[in-house]
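Here is the structure we will look at, set down as C-alpha cells.
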Amino acid sequence: PIFDELILQGKSNEEICNIVLNENFISEDLIKKNFKLGFKNIQINEGKTDLKISDYILENYQKQLLYKDCLHYELNMYYEISRRIAKSLSLCSEDEITEIEQTWIIDKCPIRWIDITQVPILPCVAKTLGISYATDDYQYRYLRIAFCSGGYDIILATFDDYESYCSGI
C-alpha cells in the first residue's frame with residue numbers, strides 16, 4: 001500500500017527509492033512489533049510439527065540471510081532443516097551431514113546472487129534489527145548466466161538495475 005500511495009502521489013522512481021531507502025522510513029517501534037509478531041507466528045506454526053527451527057532463526061537472523069522473501073528459504077535454512085531431519089531420524093552422522101553440506105556450499109561463483117524472489121532488506125529494518133549483512137554490495141548483486149559461452153557474469157547492480165532485473169524475468 002505504501003508504494004501505491006507514493007505512485008498515486010506522482011512520485012518518480014528516484015523519489016520513491018530515496019524515500020524507502022531512508023533509515024527512518026519505517027518507525028523502530030513498528031519494525032520491532034512486526035518482528036515479534038512474525039517470530040511468534042513461526043513458533044506457533046512449528047508447535048504443530050516435530051521439527052523446530054525457531055532457535056536457529058533467532059540465533060542467526062542478524063548474521064546471515066535466512067529467507068529470500070516471506071515464502072522462500074535461503075539455502076542455509078534448507079541445510080539446517082535437512083541436518084535436523086537427518087539427525088532426528090539417525091540417517092547419517094554429523095560428519096556426513098557436514099560433508100554433504102560442504103559439497104553444495106562450494107560454488108564456483110565467488111559471491112551469492114539474488115534471484116527473482118529476493119527481497120532486499122530496507123536500511124531502516126537492518127538498522128533496527130542489527131542486521132549486519134544487509135549492505136548494498138551484498139543485496140544488489142545478481143548472476144547473469146551466459147549459456148552460449150558456458151560462463152557467467154557477476155554484476156554489482158544499483159537499486160534501479162535490481163528493479164529492472166526483477167521486472168524483466
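Hydrogens, waters and symmetry mates play no part in the numbers below; they use all other heavy atoms, side chains included.
Looking at E96, its side chain does come within 3.5 Å of a backbone N or O of S93 through a donor-acceptor pair. Between the side chain of E46 and the backbone N or O of S54, at least one donor-acceptor pair lies under 3.5 Å. Without hydrogens or angle criteria, K11 side chain to L8 main chain gives no donor-acceptor distance under 3.5 Å.
One distance of note links CD1 of I53 with CG of L58; it measures 12.0 Å at 0.5 Å rounding. Here the CD1 atom belonging to I16 is positioned 5.0 Å from the CD1 atom belonging to I7, to the nearest 0.5 angstrom. With rounding to the nearest 0.5 Å, the separation of NZ in K52 from CD1 in I57 is 12.5 Å. To the nearest 0.5 angstrom, K36 atom NZ is 16.0 Å from N41 atom CG.
When all heavy atoms of I121 and A126 are compared, the pair lying nearest together is CG2-N, 3.9 Å. Here the closest heavy-atom approach between residue L65 and residue N76 is recorded as O-ND2, 3.0 Å. Closest heavy-atom contact between T128 and E28: OG1-CG, 3.3 Å. The two atoms that bring L66 and M77 nearest to each other are O-CG, 3.0 Å, heavy atoms only. The two atoms that bring C124 and E23 nearest to each other are CB-O, 3.0 Å, heavy atoms only. Nearest heavy-atom pair across K63 and S132 is CA-OG, 4.3 Å.
Within a 6.0 Å sphere centred on NZ of K87, heavy atoms belonging to other residues, nucleotides or ligands number 12 at most. Counting heavy-atom neighbours within 6.0 Å of N45 CG, excluding the residue itself, gives a total above 12.
Note on I42 and L51: same hydrophobic cluster, where clusters join Ile, Leu, Val, Met, Phe, Trp and Tyr whose side-chain heavy atoms are under 4.5 Å apart, directly or indirectly. Both Y56 and L89 belong to a single network of hydrophobic side chains, linked directly or stepwise wherever heavy atoms of I, L, V, M, F, W or Y lie under 4.5 Å apart.
Here the side chains of N34 and L30 are in contact, with some heavy-atom distance below 4.5 Å. Using a 4.5 Å heavy-atom threshold, the side chains of K127 and I31 count as separate. With a 4.5 Å cut-off on side-chain heavy atoms, S82 and I85 do not count as touching. Side chains of Y73 and I81 form a contact here, defined as non-hydrogen atoms less than 4.5 Å apart.
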Handout entry: Criterion side-chain contact (heavy atoms from CB on, under 4.5 Å) on N18 and E14, from CA distance to verdict
Key = CA-CA 6 Å; N18 288 335; E14 185 177 339; 4.0 Å; yes

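With salt bridges taken as basic N to acidic carboxylate O contacts below 4.0 Å, none links D50 and R84.
Ring pair F39/Y61: centre-to-centre distance not below 6.0 Å.
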